[in-house]
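Computation of the quantities below employed the complete heavy-atom set of this structure, encompassing side-chain atoms and omitting hydrogens, waters and symmetry-equivalent molecules. Lettering follows sequence order; numbering is per chain, from 1. In this text, all values refer to a predicted model and were calculated from it rather than measured experimentally.
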2 protein chains.
Amino acid sequence: MDTNGKALTSAGRLLAGIDSPEQLKTLSLEELYRLAAEIRRVLIDTVAQNGGHLAPNLGVVELTLALHFVFQAPHDRIVWDVGHQCYTHKLITGRRDRFHTIRQYGGISGFPKREESRFDPFGAGHASTSISAALGMATAKALKGCANRVVAVIGDGSMTGGMAFEALNHAGDLGRNLIVVLNDNEMSISPNVGAFSSFLSRKLSSRTLVSLKKEVEGTLNAIPGLGPNLLQILRRSEDSIRVFFTPSMLFRALKFHYIGPINGHRLERLIETFETARSLTGPVLVHVGTQKGRGYEPAERDPSVFHGVGCFDVKTGKVRKDSGPPPSYTSVFGRSLVELAEKDPRIVAVTAAMRQGTGLDLFAERFPQRFFDVGIAEQHAVTFAAGLAAEGYRPVVAVYSTFLQRAYDQIVHDVCLQNLPVIFAIDRGGIVGEDGPTHHGVFDLSYLRHIPNMTVMAPRDENELRRMLKTAVEHGGPAAVRYPRGTGLGVDLATPVEALPVGKGEILREGDHVLLAAVGVAVHEAMKAAQTLEEDGIQAAVVNARFIKPLDRDLLLHWAKHCRGRVITVEENAVQGGFGSAVLEMFADAGWFPRSMVRLGIPDRFVPHGAQAVLRRELEIDAEAVRSAALRLCRGEHGIS
Amino acid sequence: MDTNGKALTSAGRLLAGIDSPEQLKTLSLEELYRLAAEIRRVLIDTVAQNGGHLAPNLGVVELTLALHFVFQAPHDRIVWDVGHQCYTHKLITGRRDRFHTIRQYGGISGFPKREESRFDPFGAGHASTSISAALGMATAKALKGCANRVVAVIGDGSMTGGMAFEALNHAGDLGRNLIVVLNDNEMSISPNVGAFSSFLSRKLSSRTLVSLKKEVEGTLNAIPGLGPNLLQILRRSEDSIRVFFTPSMLFRALKFHYIGPINGHRLERLIETFETARSLTGPVLVHVGTQKGRGYEPAERDPSVFHGVGCFDVKTGKVRKDSGPPPSYTSVFGRSLVELAEKDPRIVAVTAAMRQGTGLDLFAERFPQRFFDVGIAEQHAVTFAAGLAAEGYRPVVAVYSTFLQRAYDQIVHDVCLQNLPVIFAIDRGGIVGEDGPTHHGVFDLSYLRHIPNMTVMAPRDENELRRMLKTAVEHGGPAAVRYPRGTGLGVDLATPVEALPVGKGEILREGDHVLLAAVGVAVHEAMKAAQTLEEDGIQAAVVNARFIKPLDRDLLLHWAKHCRGRVITVEENAVQGGFGSAVLEMFADAGWFPRSMVRLGIPDRFVPHGAQAVLRRELEIDAEAVRSAALRLCRGEHGIS
Ligand SMILES: [Mg+2]
Ligand SMILES: [Mg+2]
């Protein structure tokens with residue numbers, strides 16, 4: 001048990017005996033508290049080694065134990081929203097011995113996953129899906145006449161996603177047995193924004209309070225038999241109004257039973273409350289207050305830093321910088337946008353609860369009036385930006401590729417159809433690594449390329465990112481710049497930043513035998529491959545396409561023909577409908593076909609979690625894979641890929 | 001003025017004098033009411049002739065007049081949600097003389113459109129976008145220091161879309177001047193579902209009332225100085241609780257000023273209220289009650305029928321059936337699903353507020369327990385279905401192609417990543433006609449094809465639709481069946497319905513000169529073209545691919561080679577990333593290239609509104625276009641397309 005690496009040596013004796021949640025039920029309250037302490041130790045030690053979501057997991061240790069104490073998983077279903085808070089759940093549902101492999105290639109996932117365990121009835125990674133999924137499951141149970149329970153655990157941040165509201169609305173209407181646990185830590189990733197969150201925490205504005213007071217007074221006044229006595233009391237007491245106006249009102253309005261708020265670190269209270277919830281008929285909302293980072297002082301002090309964190313030193317809480325001198329694409333984006341915005345007052349920035357993650361923190365500090373964090377609400381973010389653009393602004397929506405999927409319709413319907421100059425700064429395009437299949441950004445080139453009026457770019461290094469950003473701002477129509485997770489190449493950042501001609505690529509390396517046409521980080525792999533191919537006597541031409549849409553037809557055609565019709569496209573995107581597909585379409589439309597062509601990219605399957613380099617190797621989209629493909633083509637062995 | 005066709009002859013004298021909303025402001029109240037009557041006459045006569053959205057427009061005549069009376073458009077911005085209720089707005093903003101062309105090719109749009117008028121500051125077509133867009137505009141105004149107002153007009157149905165909630169949450173937080181007019185007719189397209197709508201209309205369940213009562217009692221009890229007297233009164237009066245609990249609570253919770261509900265057909269009340277709203281600082285919600293179909297008895301009686309309606313007889317209210325004997329794809333789907341569900345208890349059906357539009361009304365009647373209308377909430381619909389599928393059901397999500405765009409992320413993240421057997425019955429795939437660019441379903445093959453685990457089909461006729469539906473149900477993974485708006489070909493419906501082998505197409509017509517590979521309705525056009533090509537001495541082979549994913553590689557390759565490498569693909573989908581693109585990718589992956597290839601489909605621009613046949617001709621995706629392309633290829637004139 002204790003042979004699985006350093007992290008697990010910290011697992012205590014109680015945890016070592018828990019192979020299934022059934023065994024929790026024999027523990028005393030005192031033992032449960034001890035178990036919680038043991039689990040916290042494992043969480044801290046493991047995340048310190050592997051990186052991961054620490055603060056959210058530390059916040060729900062007692063919550064998770066209480067859930068498993070009261071409910072009968074896997075017979076009862078526990079659905080975790082987002083799912084990055086499922087570590088305790090994994091530790092006590094038969095995955096303790098593999099826990100040290102979390103987020104590593106071939107190891108267990110950092111998110112719930114149906115394939116991994118029958119205790120994970122529904123996977124996640126994106127926010128706000130749990131109530132919908134749980135309601136579907138609860139409905140299925142009801143149709144089958146099963147008595148088992150379905151529980152969704154959702155954070156206050158996820159509640160701002162519109163999908164959660166859609167599901168609450170439907171759940172209230174259906175009236176099925178469904179338990180929603182609102183894990184309220186007054187945080188999403190960074191502190192919450194939005195009126196809803198101040199509502200939950202009862203931090204109502206005094207304006208709201210005053211108007212509510214008036215309304216309650218008016219109402220009471222109209223009830224016969226209530227004297228001016230009552231009104232006087234009410235007038236004196238703002239608190240009385242405040243108390244009237246609890247979150248319960250909202251959830252009851254949506255026809256939920258409401259219980260709470262309760263302290264999410266008191267096991268006895270949690271157990272008692274979940275038992276009550278289990279006994280009720282119809283939808284129930286249990287409002288639980290938790291502390292993000294609970295039990296680890298550095299995480300309590302700075303929960304945002306320890307939300308998703310790399311390796312760190314347990315003793316000091318100091319995060320080990322995994323990025324050396326070359327800055328990350330994210331930080332280059334953040335700094336470049338500030339520079340552009342200094343000169344262009346039309347530039348405003350929008351994020352959906354990812355101020356730090358997208359590098360917009362700098363912008364937010366410098367231009368607080370021009371910065372908008374809309375909460376976890378990508379759909380609204382995009383159409384809000386379209387509204388700004390309609391009034392002459394140049395909004396930059398900074399968002400991770402995978403989360404922009406949420407706003408596909410808004411990109412089509414609100415931005416591109418109206419040809420509005422909204423700029424999409426798409427971070428985490430391509431393989432993201434340890435967060436795995438829910439987080440890889442490998443579809444964006446495909447889902448953006450077919451939308452009319454859209455311009456799609458991907459920089460080959462951080463310098464080109466700056467130029468593309470400027471190009472997008474000057475372009476005057478919808479434009480997307482898509483860049484990867486991680487550090488840049490460390491190239492010099494040229495000043496002044498010059499815009500690129502739209503639809504023009506560049507030839508990086510001339511050659512006669514095979515054309516390597518690439519976009520984004522794949523350009524670097526293509527260049528490396530071209531160098532090694534020299535040893536094989538193969539002269540590869542390398543084109544950096546820069547624009548996935550519009551394509552540089554002339555440049556690509558010229559070099560494809562020059563290279564005797566041998567073409568390899570390289571991209572970190574699905575090969576279906578992506579950059580290579582666009583090149584192929586362009587050839588066909590030009591009435592010309594290559595002799596042989598290989599499209600390297602993400603194959604038609606979901607990519608697991610693991611280190612970026614490991615995955616790139618496994619997927620055959622690195623320099624070595626480009627080289628092999630080139631050798632096959634040039635030696636006439638095509639037909640394999 | 002009265003020369004523009006029959007409809008406008010009914011325009012009265014007052015309307016004839018309104019060329020801009022500025023002129024409204026000189027009218028007396030009595031004149032405004034007369035104008036409303038004149039407008040209703042034009043609405044009824046025009047929609048009777050052209051088809052369109054009648055009931056929603058009849059409901060907002062006074063609301064629209066009052067808005068334009070109080071606000072200064074286009075200086076002030078009026079943003080219509082969905083936009084199908086903008087007819088009165090169009091009539092009084094300089095488009096009266098073109099109003100008889102509404103929804104016709106080359107005529108004015110049935111929706112707000114930026115290109116059409118400076119009075120349309122933001123276009124629409126899909127639901128729930130208006131608050132986001134208006135908030136963006138209001139924010140822009142504030143940044144610029146402009147004093148003009150932004151008004152969003154949104155229906156109660158659209159409010160159930162999560163995006164509206166996301167926007168309200170952000171608006172309350174920002175505190176900008178923004179006026180949201182909630183047009184509450186207790187209807188979306190058909191009567192509303194969801195807890196929220198009963199909340200708006202105060203139809204609270206008695207369970208909710210009882211629990212609220214308890215809570216209020218408890219709260220009052222805890223306030224020192226309130227005697228048992230008050231509690232007794234409260235106990236006696238359910239109404240007092242009900243009154244406490246108005247929609248105002250929710251909107252105030254979200255930090256909006258709340259005014260209402262007010263009668264939406266009393267002009268004096270509307271004008272006075274909008275003037276108040278205009279004078280307030282911060283976000284304001286005006287709750288207006290209107291009657292859908294107001295002023296036209298058949299529409300008042302049956303607002304669902306007159307929501308979006310074809311031509312009808314004004315006197316009798318009888319809708320002219322534009323469909324002859326061949327049934328529509330929608331109705332074939334509806335009937336076939338019921339037949340399948342009779343034998344397969346795993347089948348359940350999900351719609352997002354389109355029970356009738358998707359043909360599920362039959363299913364809902366036959367299997368009320370297995371039918372789910374989730375409201376205008378496509379994201380939730382898809383993940384709710386995924387939850388059902390995770391528990392062993394075979395949910396069929398029936399949805400229009402254009403609206404499924406809203407759930408792209410849920411299809412990727414909740415359905416396909418988990419390989420859950422959710423079936424997408426995608427109606428209105430391809431050109432929809434008069435509803436125009438916001439409603440054409442021309443991207444689905446492209447946005448679905450690149451998602452791993454997804455199977456994508458399109459039937460060539462109504463018989464094949466039945467078979468594909470059965471195939472999808474038996475398949476056991478995510479599967480989409482995509483079919484067009486309109487009537488089928490009138491073919492015999494074979495019984496028993498037999499499933500198709502997954503990934504197998506069919507050769508419909510052998511030929512040696514050119515391969516016409518098509519999917520969906522385009523197969524019929526390809527067949528017609530093949531017949532006429534005989535006159536030119538060209539023998540065209542026609543393959544019905546049936547599956548866009550997985551493609552029938554062997555069949556397509558065989559016939560492409562057999563036809564001397566001349567290939568034409570035909571589809572009613574974007575040529576970027578669609579079926580033709582898939583065929584091209586498959587060829588390249590097989591290491592084979594055609595001699596010449598033309599992909600017919602929707603070009604890289606948004607398609608305007610107009611009759612389906614007119615648009616198909618204009619887009620060159622009909623039989624004639626297929627024939628021309630074949631002649632070009634066979635006569636070696638390729639290079640044009
Ligand atoms: Mg939170
Ligand atoms: Mg309505």
Interface residue of largest heavy-atom contact number with chain A, from B:E378, B:Q405, B:Q369, under 4.5 Å:
B:Q405
In the structure I gave you, are the side-chain heavy atoms of A:C416 and B:F606 within less than 4.5 Å of one another anywhere?
yes
Taking C-beta and beyond as the side chain, do B:R605 and A:N453 meet within less than 4.5 Å on heavy atoms?
no
Please identify, among B:R370, B:K549, B:K113, B:M137, the residue contributing the most non-hydrogen atom pairs under 4.5 Å to chain A.
B:M137
Rounded to the nearest 0.5 Å, what separates atom CE in B:M597 from atom CG in A:D589?
9.5 Å
Choice from A:T402, A:I131, A:L135, A:L417 maximising heavy atom contacts with chain B below 4.5 Å:
A:L417
Heavy-atom distances under 4.5 Å only: say whether B:P395 touches chain A with side chain, backbone, both or neither.
neither
For residues A:F443 and B:Y447, determine if any side-chain heavy atom of one lies less than 4.5 Å from a side-chain heavy atom of the other.
no
Answer key: most heavy-atom pairs under 4.5 Å with chain A among B:A138, B:A574, B:S581 is B:S581
For A:L420, is it the side chain, the backbone, both, or neither that has a heavy atom closer than 4.5 Å to a heavy atom of chain B?
side chain
What pair of heavy atoms forms the shortest contact from A:P121 to B:A390, and how long is it?
O-CB, 4.2 Å
Out of A:S132, A:A377, A:G577, which one racks up the most heavy-atom pairs below 4.5 Å with chain B?
A:S132
Side-chain touch A:H126/B:Q410, heavy atoms, less than 4.5 angstrom
no
Could you tell me the separation between the CD1 atom of B:I376 and the CG atom of A:N169, rounded to the nearest 0.5 Å?
11.0 Å
Choice from A:P594, A:G161, A:A407, A:A582 maximising heavy atom contacts with chain B below 4.5 Å
A:P594
Rounded to the nearest 0.5 angstrom, the OH-OG1 distance for A:Y393 and B:T139 is 9.5 Å
Where A:A140 and B:L388 come nearest, the two heavy atoms and their spacing:
N-CD2, 3.8 Å
With a 4.5 Å cut-off on side-chain heavy atoms, are B:F372 and A:L174 touching?
yes
First locate atom CE of A:M454, then atom CG of B:D604, and finally report the distance between them rounded to the nearest 0.5 Å.
11.5 Å
Side-chain contact, heavy-atom cut-off 4.5 Å: B:E115 with A:Q418?
no
Side chains of B:F122 and A:T383: does their closest heavy-atom pair fall under 4.5 Å?
yes
Let me confirm one number: the NE2-OG1 distance from B:H413 to A:T129, rounded to the nearest 0.5 Å.
5.5 Å
Between A:K141 and B:E391, is there a donor-acceptor pair closer than 3.5 Å when you use the side chain of the first and the backbone of the second?
no
Let's go through A:F593 and B:L584 carefully: what are the C-alpha distance in whole Å and the side-chain angles of both, what is the deciding distance for side chain to side chain contact (heavy atoms under 4.5 Å, CB included) to 0.1 Å, and is it a yes or a no?
CA-CA 10 Å; A:F593 287 97; B:L584 201 43; 3.8 Å; yes
Does A:G162 offer a backbone N or O that forms a donor-acceptor pair with the side chain of B:E166 under 3.5 Å?
yes
Is the shortest side-chain heavy-atom distance between B:V575 and A:E585 below 4.5 Å?
no
Indicate the ring-plane relationship of A:H380 and B:H170, choosing parallel, tilted or perpendicular according to the 30° and 60° boundaries.
perpendicular
Under a 4.5 Å heavy-atom cut-off, does chain A meet the side chain of B:S128, its backbone, both or neither?
neither
Segment of B:I602 engaging chain A (4.5 angstrom heavy-atom cut-off):
neither
Separation of B:S446 OG from A:R449 CZ (nearest 0.5 Å):
8.0 Å
Is chain A contacted by the side chain of B:K144, its backbone, both, or neither, given a heavy-atom distance below 4.5 Å?
both
Looking only at A:V79, A:V348, A:D414, the option with the highest number of non-hydrogen pairs under 4.5 Å against chain B is A:D414
